Chemist: 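A single structure is presented below for examination.
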Amino acid sequence: MVTPRFRRTATSALAVALASAAAVGGTSAAGPFSDADATTASPTADSPPLAHGSKGHGGKNAAERSYRDLLDHSDKAKILTAAHRGQWRDAPENSLPAIDAAFDDGAEIVELDVRLTADGVPVLMHDETVDRTTNGTGKVSSFTLAEIRELRLKEHLGGAQTALTDERVPTLAEAMEAAADRGLVNLDKGWPAREEIWDVLVDTGTVRNGLFKSNAPVAEVQAFRDAHPGALYLHMIIDDNLASFDEFGDHQPVGYEVVFGTEQDAVARAPFLARVAGESRVWINSMWNGLADHLTDEASLIDPSRGWERLVTTFRASMIQTDDVVAIERWLRTGEGDTVPRGSVRVQAEDYAPGGEGVAYHDVDAGNRGGLDMRPGDDVDISDADGNVRVSWMRGGEWLTYEVEVPRTGTYELSARVSSPYTPAGAYTVAFDGGPESERVAVLSTTSHNKQELQASGVAQHLTKGTHSVRVSLPDDAYQNWNLDYLQLDRVTH
Ligand SMILES: [Ca+2]
Ligand SMILES: [Ca+2]
Ligand SMILES: [Ca+2]
């Protein structure tokens, strides 16, 4: 049983207003909403990102605000953020708590993946099979709703060694209910099930929350939109189908998801994007390389001008899909990426001390298997994963030494930004200035080699102002298969 909400008005007045707003490229929401708290400013080519007005408050009007913002593609349009598969850093991807967490963290949109069960019920699942993200196996389409509900979702991004949670595969109806008052839902993978999805949106009163998406032929898209006035639609374009922009004519989608493997792609050229941005919103993805050249979340964390800032200023993005909701929201508020906290010291794993094998490091296999040639001739395995530069192929028996400049005397706690899909992922000890080794620190799975997380070590050390050495050693009797991005020392006492 679903509870009707304020959006339960996919009826003529709204539909006409919406269709008309989309058709004429209206710069403000048509009709239904009169609350005007548009105190937000957006990054432009001439100014850094400024604060959002009222982000992350949730509450009854958040979805209305996001709906209205979505229809705004003026120069002042607010940058909207989309949480890829929900906030999977806090909950299983495509789960109900991941939807809540995404909105809690300030996203206006959750990107969810929709597939049909054997009995035709839209549920959330990214892959064609349930294997990666649940304790079951087989295609989603081979399970009835009752059967798929027996499965339990795995933590975060799932994977063979990832722990189960008590969460179940949500129906789309549950997901829309969860989002109804909070924001928008991007309905990825759902185009083949668009009629079933439409019925769910109508039944749950969430027509104004749901964003259909496809790269289908324009005639097919327009037939659906004509049959379902009020349906919000994003069209995916790459070089191969960039002509769809002209084919939509004066009945433009509310947004375009623009994907460019390189900045030289035709779809990424300034005159074309200017035309698109003049008619519609521009959605760009930053999760990994090849979605928008190398302008990724990880590159943005190092320096926003390597990613998100250029997506907005050069490529006209007014919607960004990300795996780092918290970080992109911080950037929108402050203009900063993953900056070192005040009073802390950070050393990049790839910036190990000079001196070579046996002096600065010990690496068990010859050469750099990571392929990023930063330290020619060294055997440490340095890789670049979607903008994240780190030491990879971390193996038992290996060690790395760092020189750190401590700015103030005090006690410091060490943490490490790591990634690994394995459980256990590994273990390390730390020794300062040639002293004794610490207790072993367990490296926890992040459920992906390419998704990093700052993990506390529990190791604390009193350090005087000045230069210190830190050695990180990997015991050879522990399983080891993880990546180290950086070490950080946070001062906790004087
Ligand atoms: Ca090596
Ligand atoms: Ca190695
Ligand atoms: Ca690094």
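All of these numbers come straight from a predicted model, not from anything done at the bench. In each ligand, atom 1 is the first atom listed, and ligand 1 is the first ligand listed. Counting begins at 1 with the first residue of the sequence.
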Chemist: What is the OD1(D363)-the Ca ion (ligand 1)-OD2(D381) angle, to the nearest 10 degrees?
Modeler: 80°
Chemist: Indicate if the distance from the Ca ion (ligand 3) to the nearest N, O or S atom of R390 falls below 3.0 Å.
Modeler: no
Chemist: Hey, what's the ring geometry for H362 with W399, parallel, tilted or perpendicular (30° and 60° as the breaks)?
Modeler: tilted
Chemist: Check whether any N, O or S atom of V391 sits under 3.0 Å from the Ca ion (ligand 2).
Modeler: no
Chemist: Looking at the Ca ion (ligand 3), which N/O/S atom of D485 is the nearest one?
Modeler: OD1
Chemist: Under 3.0 Å from the Ca ion (ligand 3), can any N, O or S atom of D351 be found?
Modeler: no
Chemist: Vertex the Ca ion (ligand 2): angle to OE1 of E398 and O of W393, to 10°?
Modeler: 80°
Chemist: Taking 3.0 Å as the cut-off, does G370 contribute an N, O or S atom near the Ca ion (ligand 1), distance below it?
Modeler: no
Chemist: Is the cationic atom of R375 (NZ for Lys, CZ for Arg) positioned less than 6.0 Å from the six-membered ring centroid of Y352 and within 45 degrees of its normal?
Modeler: yes
Chemist: Can you list the steps and then say if H449 with Y422 is a ring pair (Phe, Tyr, Trp, His ring centres under 6.0 Å)?
Modeler: CA-CA 9 Å; H449 265 311; Y422 300 108; 5.6 Å; yes
Chemist: Of all the atoms in Y486, is at least one N, O or S atom closer to the Ca ion (ligand 3) than 3.0 Å?
Modeler: no
Chemist: Salt bridge between R115 and E128, side-chain N to carboxylate O under 4.0 Å?
Modeler: no
Chemist: Checking R346 against Y486: charged group under 6.0 Å from the ring centre and within 45 degrees of the axis?
Modeler: yes
Chemist: Taking the Ca ion (ligand 1) as the vertex, measure the angle between atom O in D365 and atom O in D379; round to 10°.
Modeler: 110°
Chemist: What I'd like to find out is whether the side chain of L332 reaches to under 4.5 Å of the side chain of I79, using heavy atoms alone.
Modeler: yes
Chemist: With under 30° as parallel and over 60° as perpendicular, where do the rings of W331 and W308 fit, or are they tilted in between?
Modeler: tilted
Chemist: With the Ca ion (ligand 3) at the center, what angle do OE1 from E350 and O from V389 span, rounded to 10 degrees?
Modeler: 80°
